[in-house]
Amino acid sequence: MSWGFRWVRFFGGSSMATEQPKEMRYIPTEIERKWQKRWEETGLYRRVEDPTRPKHYALTMLPYTSGDIHAGHWYAMTPSDAAARFKRMNGYNVFFPIGFDAFGLPAENAAIQRGIHPHTWTMRNIENMRRQLRAMGAMWDWEHEAITCLPGYYKWTQWFFLKFYEAGLAYRQGGMVDFCPTCNTTLAREQVKGDDRHCERCGTPVIRKDLEQWFFRITQYAQELLDGLETIDWPEAVKIQQRNWIGRTEGARVTFKSEQGDPIEVYTTRPDTLWGASFMVLAPEHPLVDRLAAPEYRQAVEEYRFQALRQSDIVRQAADREKTGVFIGAYAVNPVNGKRLPIWVGDYVLMTSGTGAIMGVPSHDERDFAFALKYGLPILPVIARPDGLAKSEVRPGWAKPGLPEALKGAGIPFEEVDGALRLTLHGQEEIDRYVAVAQRFVAPGRWIEVVGGGWMFLFAEGTAAFDSFEADEAILARCQALAPEVPWVQGARTTMELLYATPWYRDVLLHVEYGEMIHSGEFSGTPGDRAKAEVTKWLEEKGLGHFAVNYRLHDWLISRQRYWGAPIPIIYCDKCGIVPVPYKDLPVLLPEDAEFLPTGESPLKYHEGFLHTTCPRCGGPATRETDTMDTFVCSSWYQYAYLSPYYEGDVPFDPEIGKYWLPVDQYTGGIEHATMHLLYTRFFTKAMRDLGLVDFDEPMKRLFCQGMILGEDGEKMSKSRGNVVNPDDYVYTLGADSVRAFLMFIGPWELGGNWSTTGIEGISRFLNRVWGVVVEPREGAPAQAPTEAEMRALRRLTHQTIREVTRDFESFRFNTAIAALMKFVNGLVKAKETSLYGTEAWQEAVHSLVLMLAPITPHIAEEMWERLGQPYSVHLQKWPTWDEDLAKEETITLVAQVNNRVRARLEVPAEITEEEARAAALANENVQRHIAGKEIVQVIYVPGRLVNIIVK
RNA sequence: GCCGAAGUGGCGGAAUGGUAUACGCGGUGGUCUCAAAAACCAUUGGAGGUUUGCUCCGUGUGGGUUCGAUUCCCACCUUCGGCACCA
């Protein structure tokens, strides 16, 4: 109690003083109003600095100022509150703040549609949301509320921008960006969703625009963002999503040269396949396309590029659309073998990935395979299949009679389909054996192929290995000469295309696994597990390339062409160029008199007073940047803002306060932010560390992601479905405590669940039962004193419940915690009828019950605590502890099985020995019936659980 | 296509190698009442039986490991979430 006494002493007396006849019914609305007021008056949830106690910074994701707190907020926030309260009762000094994510498009739309200023709209919404949030009865410290759209807040958002700019972490760049035509603003890559690449917010398919935009260099921390995941206690699902989003790959950068000598750099994860490269493809935007395109191809290339760029300008097609491209009339040289490679331009190569140029290795890459097959480019296997599989098909009449018998004689399995022989061969030895037999049976003027492994053509006059690009041409020519009447042979442009004509072969022509290198000059024979490393080393020695890491992660586009956001503090001067706003001039305020017109353009762009300014460097006329920042920038540092909101020092928050409270110990929120907010705030913290603002690497040590609350029909709540539940309706009738407990009871928090009207009524019934047990006096006089055993049984129930509820709380399993409390109450209802009522064991039980309910249902717990004559406040009490001895069972149900089937359940003392247990099981009548006349083979004894008699 | 989560009574769910269905909802029967609601009590996976006592079936599907699998392994199916031409 050492940490709670202060409040008890200050306020403990007052409730005693105002003694008056008590209402005996449970009236949630009255109780809730009463205690919310009292908590506020007494500052019960106010943060205190107390270095003698361990601190706990609990944080729930801040709500956006939509104007309404809905069931989703309740589902996210009330269990988070219960967890924070539990920590507090366990001796931690807890900081549990709240605030509002207040910038963003809806405010601006309201301004356009209804003529309300975004600021007015937002603050009005906040007013309403505060009221709704207070109704939850959460232990938020409202004195540290932060609202992102207030100048005192966004001054620091702008300060971060300037610091990042100085550190080279913010930069301006032109290029193709995703743009939502409905929201009229650019979007970060993360805000573009789905196959049709639609805007996250409004669903409109995005278009690509060429614009100058500001970016944060998050990629500078790509590796650290990846490595840091190992150090934090976050859900695996979030970590995996972040890992995938960062998308680290290892490979090599290899420099090819055009025949004119221009270097063409390529990034590949498969340097071991270099010898199989048969073409190169450049992204349509690649700068070398213009330079290298031969004059006679220039027009076709230009048309293709135009098409490609236009296509992405309309609606993006499905991902598996056919690969297209055009030859640009130029060639490159493969640095490893000098092979001449035609250079193509194709839109399946992305400028934003790697170097925007690839080497085409069609035998070991699905996209390259499809491309090569379509355009008749040669395909040479250079990596052996790790499974050693090979296939062969002998077409009807292509072998001399007697082959099936010979194969049987040689022990080579095959199947016959429509007169053709189909063979699946496993490993080199079997391939050799097959070749030796088949070679003798090749019909004159025909041949037999071995593909997938071995890679050879058996001609009557001898074997030709398909082991080089030269062999590719020679084999094709030979086959076409032998079979002038066969269309699929004549139609083939490459050996691989000829093989592709046989459906039986298709699944072995291409594979993407690592394996022994083949057909690769001196590297042939290099095993798959070493190939990549050895080739990379060799490339470095020869100066042809070097080891390289590539990330899928892109820099964070933060420019938004909107009014309602933090203005980017940059000035453009004709003389001085880009000039950052001096720190002393922050914040760059949003003009209040902007005009909101449905033109889609940012009002800032047409606000003369805002736009025109003087250059801080030369004093000459200059213009302001009119873009504002993505709202995710504001929410990337709000956990720091909460410490000392709208701080007036020279850094964004009070470092002394931060020293004690940071970092966040427990964060809770939705998983939908896995690759946005949760990545951005990690980036911010790392950048802040490098700026010397904090001395740790990760903002939130522990994260829990709750699931989604669905409508009664199991579908996402939406107005159009008509399944939206308004928690306020239930707060007014059943009370906030019922809503809280119900939401925690539905199921595991991380899985979400659906609302249920009968479910919440059940919870309300439960709270009424609790009230009845704790508050209502018992009718009738108590009988004689309870027995020792009865007392022990009640205490056992109490201590078992404390044990279970404590463990459940620690792992956020509120549903089972409440179930355990319900069971406890069921037991107490029965005990109340007995002479146990009023005993010490009874008092212990009732006090424990109220204490354990306090985090879940804070109002009713407080009221009952008072009525039990206990000092204010229940929320300052210590969490009850359990005694293992008292919780121990005296008897157990021993299960007697015969051959794994339950034949009897025996009540036996908990300390029963193995011998006694065996004897008791064997003595049972029903067990005897099932083992009668059979031999006992084995008896399995599981202490405290079962005896399993195995008979024959 | 790839990555992740999840499939258990009429419903939400519990049990992570040992009694499947805790707890709640819903249902059924009862008490109270003139009646109804509320509340309370009892009962409730399915099938069968010689009906307190017994037997069989049952955790998405099919295999496997084990004396024993909702739980571990393999393959598949369904639903949801994320990513998707990333070289």
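Throughout, protein chains are lettered first and strands after them, A, B, ... in sequence-line order, and every chain is numbered starting at 1. Scope of the values below: all heavy atoms of this structure, side chains included, with no hydrogens, waters or symmetry mates.
For A/R270 and A/Y514, the positive end sits near the middle of the six-membered ring, less than 6.0 Å away and at most 45° from its axis. Taking the ring centre of A/W749 as origin, the terminal cationic atom of A/R813 falls outside the region bounded by 6.0 Å and 45° from the ring axis.
Along RNA chain B, the nucleotide nearest A/Q938 and the nucleotide nearest A/I818 are compared for position; the residue whose nucleotide lies closer to the 5' end is A/I818. Along RNA chain B, the nucleotide nearest A/M708 and the nucleotide nearest A/V942 are compared for position; the residue whose nucleotide lies closer to the 5' end is A/V942.
Between A/I246 atom CD1 and B/C83 atom P there is a gap of 15 Å when expressed in whole angstrom units. A straight line from CG of A/N754 to C1' of B/G24 spans 14 Å, rounded to a whole angstrom. One interatomic measurement links the two molecules: CZ of A/R552 to P of B/C3, which rounds to 15 Å at whole-angstrom precision. B/G24 atom C1' lies 18 Å from atom CZ of A/F814, rounded to whole Å. With rounding to whole Å, A/M744 atom CE is found 22 Å from B/G12 atom P. Going from atom CD1 of A/I746 over to atom P of B/C11 covers 17 Å, rounded to whole Å. Atom-to-atom, CZ of A/R901 to C1' of B/A20 comes out at 13 Å; the value is rounded to the nearest Å. To the nearest angstrom, C1' of B/G4 lies 14 Å from CD of A/E750.
If you check every strand for non-hydrogen atoms under 4.0 Å, A/V361 touches nothing. Base engagement by A/L946 is indicated by at least one non-hydrogen atom pair under 4.0 Å involving a base atom. A/R253 comes within 4.0 angstrom of nothing in the nucleic acid, heavy atoms only. The residue A/R929 sits close only to the backbone: its heavy atoms come under 4.0 Å of sugar-phosphate atoms, none of a base. Counting any heavy atom pair closer than 4.0 Å across all strands shown, A/T249 reaches sugar-phosphate atoms only and no base atom. Using a 4.0 Å heavy-atom cutoff across all strands shown, A/G247 reaches no nucleic acid atom at all. If you check every strand for non-hydrogen atoms under 4.0 Å, A/T816 touches sugar and phosphate atoms only.
The base of B/C83 is not paired with the side chain of A/N244 by any donor and acceptor separated by under 3.5 Å.
For A/R765, a side-chain nitrogen or oxygen approaches OP1 or OP2 of B/G26 to under 4.0 Å. Between A/H930 and the phosphate of B/C54, there is no side-chain N or O to OP1/OP2 separation shorter than 4.0 Å. In this model, the phosphate group of B/A38 is not approached by any side-chain N or O of A/N768 to a distance below 4.0 Å at OP1 or OP2. Listed pair A/R903 / B/U55 meets the phosphate criterion, a side-chain N or O lying under 4.0 Å from OP1 or OP2. For A/N815 and B/A14, the shortest distance from a side-chain N or O to OP1 or OP2 is below 4.0 Å.
Not less than 6.0 angstrom separates the ring centroid of A/F745 from the ring centroid of A/F766. Within the 6.0 Å centre-distance limit, the rings of A/W755 and A/F742 are counted as a close aromatic pair.
With P as the reference atom, B/A35 and B/U31 are 10 Å apart, rounded to whole Å.
Closest to the A/R813 side chain, of the nucleotides B/C67, B/A15, B/C23, is B/A15. Distances were taken from every side-chain heavy atom of A/L751 (C-beta onward) to each of B/A6, B/U19, B/A87; the shortest belongs to B/A6.
B/G82 shows a glycosidic angle more than 90° from 0 and is accordingly assigned anti.
Residues in residues 704-717 of chain A take part in these salt bridge (charged side-chain N to carboxylate O under 4.0 Å, His left out) pairs, two or more places apart or across chains: A/E715-A/R721.
Comment: A/E914 engages A/R918 in a salt bridge, judged by a side-chain N to carboxylate O separation of less than 4.0 angstrom.
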